[in-house]
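Since this is a predicted model, take the numbers as computed values, not measurements. By convention in this document, chain letters (A, B, ...) are assigned in the order of the sequence lines, proteins followed by strands, and residues within each chain are numbered from 1. Below, all heavy atoms of this structure are taken into account, side chains as well, without hydrogens, waters or symmetry copies.
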Amino acid sequence: MSSDKRELAAAFTPSTIEGPLYKKWIDAGYFTADAKSKKEPFTIVIPPPNVTGNLHIGHALDQTLQDCLTRLKRMQGFEALWLPGMDHAGIATQNVVEKQLAQKGLSRHDLGREEFVKKVWEWKAESGGQILGQMKRLGDSVDWSREAFTMDENLSQAVLTIFKKLFDQGLIYRAERIINWCPRCLTALSDIEVEHQDDAGEFVSVRYGDGEQSIVVATTRAETMMGDGAVAVHPDDPRYKHLVGTEVLLPLVNRMIPIIADELVDPDFGTGAVKVTAAHDPNDFEMAMRHNVPFVVIMNEHGVMAGTGTEFDGMDRFDARVAVVAKLKELGRIVAEKRPYIHAVGHCSRCDTTVEPRLSKQWFVKVDSLAKAAGDAVRDGRVKIEPEELAPRYFDWVDNLNDWCISRQLWWGHRIPVWYGPNDEVVVVGPGETAPAGYTQDPDVLDTWFSSALWPFSTLGWPNNTDDVKKFYPTSVLVTGYDILFFWVARMMMFGLFAMDGVAPFHTIVLHGLVRDQFGKKMSKSRGNVVDPLEFIDKYGADALRFTLARGSNPGKDQALAEDWIAGSRNFATKLWNATRFAMMNGATIEGPLPATESLSAIDKWVLSRLSQTTSEYTALLESYEFARACEVIYHFAWDDLCDWYLELSKEAFASGNAAASQRVLGHVLDTLFRLLHPVMPFITEELWTTFTGLETLVTAQWPNPESKDVDTKSEALVAELQKIITEVRRFRNDQGVKPSQKIPGKFVAPADITAYASAMAFVLKLELKEFTPSASVEIGSIKVELDLSGTVDVVAERARLEKDLVTAQKDMKTAEVKLSNEGFMAKAPASVVAEIKERMAATSADIERITAQLATLK
RNA sequence: GGACGAUUGGCUCAGCGGUAGAGCACCACAUUGACAUUGUGGGGGUCACUGGUUCGAUCCCAGUAUCGUCCA
C-alpha cells in the first residue's frame with residue numbers, strides 16, 4: 001500500500017506539479033459523475049462563460065467556490081456533478097466575428113446569413129472557448145464528458161420546446177411596443193442589456209404656440225420634437241388648467257397638437273409641461289395609448305433623422321439635437337437652457353452606444369405569472385438565497401418586471417421558431433415539426449438569456465427524460481456573483497419552474513461579490529487595475545490564487561485583491577510543503593492504529609483536540625458557504641497550532657528518538673489536514689498526501705469526521721500554560737538581548753504536570769537543563785523559570801518590561817473593581833460573568849503583587 | 001427618488017451585549033539543524049457622529065454625516 005512513497009523536493013514549485021496532477025485526475029475519470037450511482041446527488045451547473053471570453057479574476061473566484069463545494073461533497077460521499085459549458089453570447093460573439101470581417105472590408109450582409117453563421121461556427125472552432133483550457137489551470141473538477149454549449153443540438157431542442165409551450169399557453173406574444181434599440185448593433189435589447197450612466201446632456205425649455213395659446217415644455221431631447229403628438233400637463237396643475245383640451249402650434253413642423261392632462265406628469269419637474277413623443281419614449285408611449293395621441297416616427301434604425309420633411313432629415317440624432325436647438329433659438333423659441341445637464345441615459349451593454357427607444361414589432365414573454373412563481377419559490381423557502389440580505393433585491397426585481405423582449409435582430413443565436421403564412425398566419429414550429437409549405441421563418445433570433453434560462457436542465461438532456469435529468473435535477477447550489485441575479489438567476493427560476501412542473505432549478509442560490517483591486521476600487525480597463533488570474537497562477541500557483549480568493553470571500557460581499565495577498569497564500573503553501581518534509585524526515589506515519597488516548601502526551605492529545613475542533617468548525621463553515629471564515633480557521637490551525645506549536649514542542653521527542661506515538665499522531669494530523677484543505681488547495685494537498693501516504697488520490701478520499709472523543713479541555717489548558725511560559729521566556733530573552741541561538745542554563749520551578757514537559761520546552765527555548773546558580777528568573781503566575789545569564793542582567797530593560805506589565809495589570813484591576821463595585825452589575829449581571837470578573841481580578845491582583853515584588857528586588 | 005450595504009489599527013477586512021481580532025505593512029533581533037516564500041519578540045485602534053435601551057454598547061434601536069452598489 002505504501003510502496004509508492006516518494007521524497008519531497010526541497011522546494012515547492014507549483015508549476016511542476018499542477019499540469020501532471022490535472023492530467024492524472026482527468027485520465028482517472030474522477031470528475032465524471034455517474035447517473036446510475038446509488039449515492040445522493042450533488043449538482044452544480046457552471047454559470048456558462050461566454051464563448052468569446054477569457055478567464056478573468058471574477059471567473060476565478062466563482063469557480064474556486066464551486067470547485068470547493070463540489071470537491072467537498074465528492075469527498076463526503078455524494079455523487080457530485082459539476083457541469084461545465086459555455087454560452088453562445090449572441091451579440092458579443094456576432095460583434096467579434098463582424099469585427100474580423102470588417103478588417104477585410106466586409107460586412108455580414110456581404111456574406112449573407114447562412115455563410116455568416118457558418119463563419120461564426122468556424123470562429124468558435126478555431127478561437128472560441130479559450131476559457132475552457134484556462135479553467136483546467138485553475139484545477140476545476142468539472143465533468144468534461146458533459147460539457148455543454150447553448151447552441152448544441154440538444155439545447156436548441158430545449159429552446160424550441162419551451163418556446164412552443166410558452167406560446168401555446170399564451171405566454172409569448174408579438175406586439176408593437178417601445179423597446180430599447182441599439183442603433184449600432186441594430187437590434188432590440190432587453191431592459192437588463194441597457195446600462196444607465198450619468199451623461200452630460202442638456203435641458204432646454206421651448207415655447208410651443210404663441211401668445212395666449214402657448215406653453216413652455218422642457219426637454220433633454222429637442223431633436224425628437226418633430227415627432228411630438230401632444231403636450232401633457234398634470235390634471236391638477238393650476239398653471240395649465242385653462243389650456244387642457246386646446247391645441248398649440250408645434251414649431252419647426254407647424255403642426256397643431258393637443259394639450260392633454262395625465263397623472264404621469266410631474267408638475268415639479270421642469271416647467272410641468274412635457275412633450276409627448278409617442279414613438280420615441282416609453283413613458284410618452286403609455287400616455288399616447290391613453291389619450292389616442294398619434295405615433296410619429298422621425299428616426300430610422302441607425303438613429304438618423306428621417307421622414308420629418310424638414311432640413312434635419314439625414315442628420316444623426318446628436319447632430320440634429322444641436323441643429324434643432326440652434327434653429328429654435330433663431331426663431332426665438334428657447335426660453336431657458338441648462339447645459340451640461342447631468343441625467344441618466346441608457347447605453348448598450350455590449351457596445352456602449354446610447355440606446356434609442358424605438359417603436360417596433362417584437363416578440364415578448366408575458367412575465368407576470370412566471371415572475372410570481374419565481375418570487376414565491378423564494379418567499380416560501382423552497383429556494384434559499386445566501387446571504388439572505390440580497391433577497392429583497394430579488395423580490396424587488398421579480399415583483400416589478402416588465403414583459404421580456406426576446407427577439408433580437410441578429411443572425412447568431414436560436415432563430416425564432418415562428419413561421420408566417422402567405423396571409424399572415426402564424427405557426428410555431430416545435431421540435432421535430434416542419435412548417436407548412438410556402439411559409440417563411442421569422443428572421444430574428446432569441447435573446448441569449450432565453451437559452452441561458454434553461455441551462456440547469458437543458459444541459460442535463462431535457463426535454464428528453466434522461467437519466468441525468470432524473471438524477472441531477474434540481475441542482476443543489478447555484479454559485480454566482482450578485483451582479484447577475486437579474487440577468488440570469490431570476491430567469492432560470494422563471495423558466496425552471498415553468499418547464500419542470502414547478503420544481504425550482506436549485507435549492508440554494510449562493511451569491512458572492514466582485515473582486516476589486518487592492519484599494520477596493522472596481523477593476524476596469526480605464527483604471528488600468530485589471531489583473532490576470534493566469535499570470536498569478538504562473539507566478540504563485542493555482543492553489544495560492546484559490547486560497548486567496550476563497551479567504552477573501554465573505555457572503556455577498558466584494559473583496560479587495562492584491563498581489564501581496566496571493567504571495568501570502570503561496571507562503572502558506574510553502575509552509576505546508578516544508579512541514580510535510582519535516583514530518584517525513586522524522587518518521588511521521590499513517591501506518592497502524594492510532595495509539596490509545598491514555599498513552600499519549602498532553603501535547604499529542606492537545607493537537608488531536610484542536611484537530612477535532614477545527615474539523616467540525618471548518619466543515620460547518622464550508623457547508624454554510626462561509627469560505628472566508630473557513631479558510632481563516634484552517635490557516636491558523638495549520639500554521640499556528642501545527643507548525644508553530646505542535647511541531648516545535650515535538651522536536652525534542654523526535655530528536656531523542658522516543659516518539660513512536662507522536663509519529664503516528666502527526667501522520668494522522670497531516671492526513672486529516674490535507675483532506676480538509678483539498679477542496680480549496682487541490683494540487684498541493686494531492687501532491688503532499690499521495691507522497692506522504694503512498695495512496696492513490698485525495699479527490700475521492702473520504703472527508704474527515706471530527707472525533708468528539710478527542711476534544712480534551714484538560715490538555716488544552718495545560719498546553720496553553722506551556723505556551724504562556726514559552727512566550728514569556730522568549731520575551732525575557734529578547735528584552736535581555738540574548739540571541740535566539742544562544743543556549744543558556746535554565747530550570748522550571750513548577751508543578752509536576754508542567755515539569756513533565758520541561759525538556760520539550762527547553763528544546764524550544766534553547767535552555768540547558770542542568771545544575772547552575774540562577775542569576776535571573778521569569779515568573780508566570782505561580783510558575784518560575786530560573787535562568788543563568790552569563791553576563792549581568794539588563795536591569796533597565798527588565799524594569800521597563802515589568803513596569804509596562806504593571807500598568808496593564810493595574811488598568812485591568814481597575815476595570816474589574818469598577819464592575820464589581822457597581823450595584824446594578826452585581827444585582828443583574830449573570831452569575832457566570834460575575835464569577836469570571838472575580839477570577840480575573842484575583843489573578844490580576846496576584847500579578848500586581850508579584851510584579852511589585854520583582855521590581856523591588858531590581859532596585 | 002427607492003432598496004441594500006458599509007464606516008473597526010497605515011492598507012484590506014473579520015468579529016462581538018461582558019478587558020478589541022486577522023492578513024499585509026511597520027520596528028527590533030536572528031541565517032550551519034522543515035521553512036528567510038522563515039522564526040521570535042514588539043509597537044499601533046476613545047470600533048464615523050449624536051441620542052436612546054441596558055448593570056454594561058464597538059455590538060441592539062433611532063437619527064445624522066460620508067461612501068458604495070443596485071433599481072427608477
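- In summary, A:R393 and A:D396 do not engage in a salt bridge, as defined by a charged side-chain N under 4.0 Å from a carboxylate O.
- Looking at heavy-atom distances under 4.0 Å, A:F519 makes contact with sugar-phosphate atoms alone, never a base.
- Rounded to an integer number of Å, the gap from A:Q518 CD to B:G23 P is 19 Å.
- Among residues two or more places apart in sequence or in another chain, the side-chain hydrogen bond (donor to acceptor under 3.5 Å, both in side chains) test is passed with A:D403 by A:Y173.
- For B:G23, the OP1/OP2 oxygens have no side-chain nitrogen or oxygen of A:R551 closer than 4.0 Å.
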Just distance, no hydrogens or angles: give the donor-acceptor pairs under 3.5 Å from side chains in residues 578-587 of chain A, sequence neighbours left out.
residue : atom : partner : partner atom : Å
A:N578  : ND2  : A:T574  : O            : 3.2
A:T580  : OG1  : A:L576  : O            : 2.7
A:R581  : NH1  : A:A10   : O            : 3.2
A:N586  : ND2  : A:F582  : O            : 2.8

Nucleotide N/O of nucleotides 66-72 of chain B paired with protein N/O under 3.5 Å:
residue : atom : partner : partner atom : Å
B:U69   : O2   : A:R393  : NH2          : 3.2

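- Pairs passing the side-chain hydrogen bond (donor to acceptor under 3.5 Å, both in side chains) check and including a residue from residues 808-819 of chain A, sequence neighbours excluded, do not occur.
- We find that OH of A:Y394 is positioned 20 Å from C1' of B:G2, with the value rounded to whole Å.
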Run A:W689 and A:D671 through side chain to side chain donor-acceptor pair (under 3.5 Å) and show every step you take.
CA-CA 7 Å; A:W689 189 80; A:D671 176 22; 2.6 Å; yes
A correct 5'-to-3' footprint of nucleotides 37-45 of chain B, with B, S and - meaning base, sugar-phosphate only and no protein heavy atom under 4.0 Å, is BSSBSSS--
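- For A:F732 and B:A28, the CZ to P distance is 23 Å, given to the nearest whole Å.
- A:N554 comes within 4.0 angstrom of sugar-phosphate atoms only, judged by non-hydrogen atoms across all strands, and of no base.
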Pairs counted only when both distances fall under 3.5 Å, Watson-Crick or G-U: show me the 5' to 3' dot-bracket for RNA chain B, [ ] for pseudoknotted crossings and | for other-strand partners.
(((((((..((((....[..)))).(((((.......))))).....(((((..]....)))))))))))).
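- Applying the side-chain contact (heavy atoms from CB on, under 4.5 Å) rule to A:K838 yields the partners A:L820, A:M826, A:V834; only residues at least two apart in sequence or on another chain are considered.
- Nearer to the 5' terminus of RNA chain B, by closest-nucleotide assignment, is the contact made by A:K557 (compared with the other of A:A10 and A:K557).
- In the set B:A30, B:A34, B:G23, the nucleotide with an atom closest to the side chain of A:K651 is B:A34.
- A:F547 pairs in a ring pair (Phe, Tyr, Trp, His ring centres under 6.0 Å) with only one of the listed residues (A:Y540, A:F572, A:F627), which is A:F572.
- The side-chain contact (heavy atoms from CB on, under 4.5 Å) test applied to A:Q559 returns A:L61, A:V515, A:L549, A:S553, not counting sequence neighbours.
- Considering only residues two or more places apart in sequence or on other chains, A:D483 meets the side-chain contact (heavy atoms from CB on, under 4.5 Å) condition with A:L514.
- With rounding to the nearest 0.5 angstrom, the OH atom of A:Y482 is 11.0 Å from the NZ atom of A:K557.
- A search for side-chain hydrogen bond (donor to acceptor under 3.5 Å, both in side chains) contacts involving A:D281 returns nothing, not counting sequence neighbours.
- Taking atom CG of residue A:L485 and atom C1' of nucleotide B:G5, one finds them 15 Å apart after rounding to whole Å.
- Contact check of residues 812-836 of chain A against RNA chain B (heavy atom, cut-off under 4.0 Å) returns A:D812, A:K819, A:N822, A:G824, A:F825, A:K828, A:A829, A:P830, A:V833.
- The separation between A:F582 atom CZ and B:A34 atom P is 6 Å, rounded to whole Å.
- At least one test fails for A:R551 against the ring of A:W565: distance under 6.0 Å to the centre or angle within 45° of the axis.
- Relative orientation of the A:F692 and A:F674 rings is perpendicular, given thresholds of 30° and 60° on the angle between their planes.
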All N/O donor-acceptor pairs, side-chain side in residues 722-733 of chain A, below 3.5 Å, sequence neighbours left out:
residue : atom : partner : partner atom : Å
A:T727  : OG1  : A:Q723  : O            : 2.7
A:E728  : OE1  : A:R801  : NH1          : 3.2
A:R731  : NH2  : A:D805  : OD1          : 2.9
A:R731  : NH2  : A:D805  : OD2          : 2.9
A:R733  : NH1  : A:Q742  : O            : 3.3
A:R733  : NH1  : A:L765  : O            : 2.7
A:R733  : NH1  : A:K766  : O            : 3.3
A:R733  : NH2  : A:K739  : O            : 2.7
A:R733  : NH2  : A:P740  : O            : 3.4
A:R733  : NH2  : A:Q742  : O            : 2.7

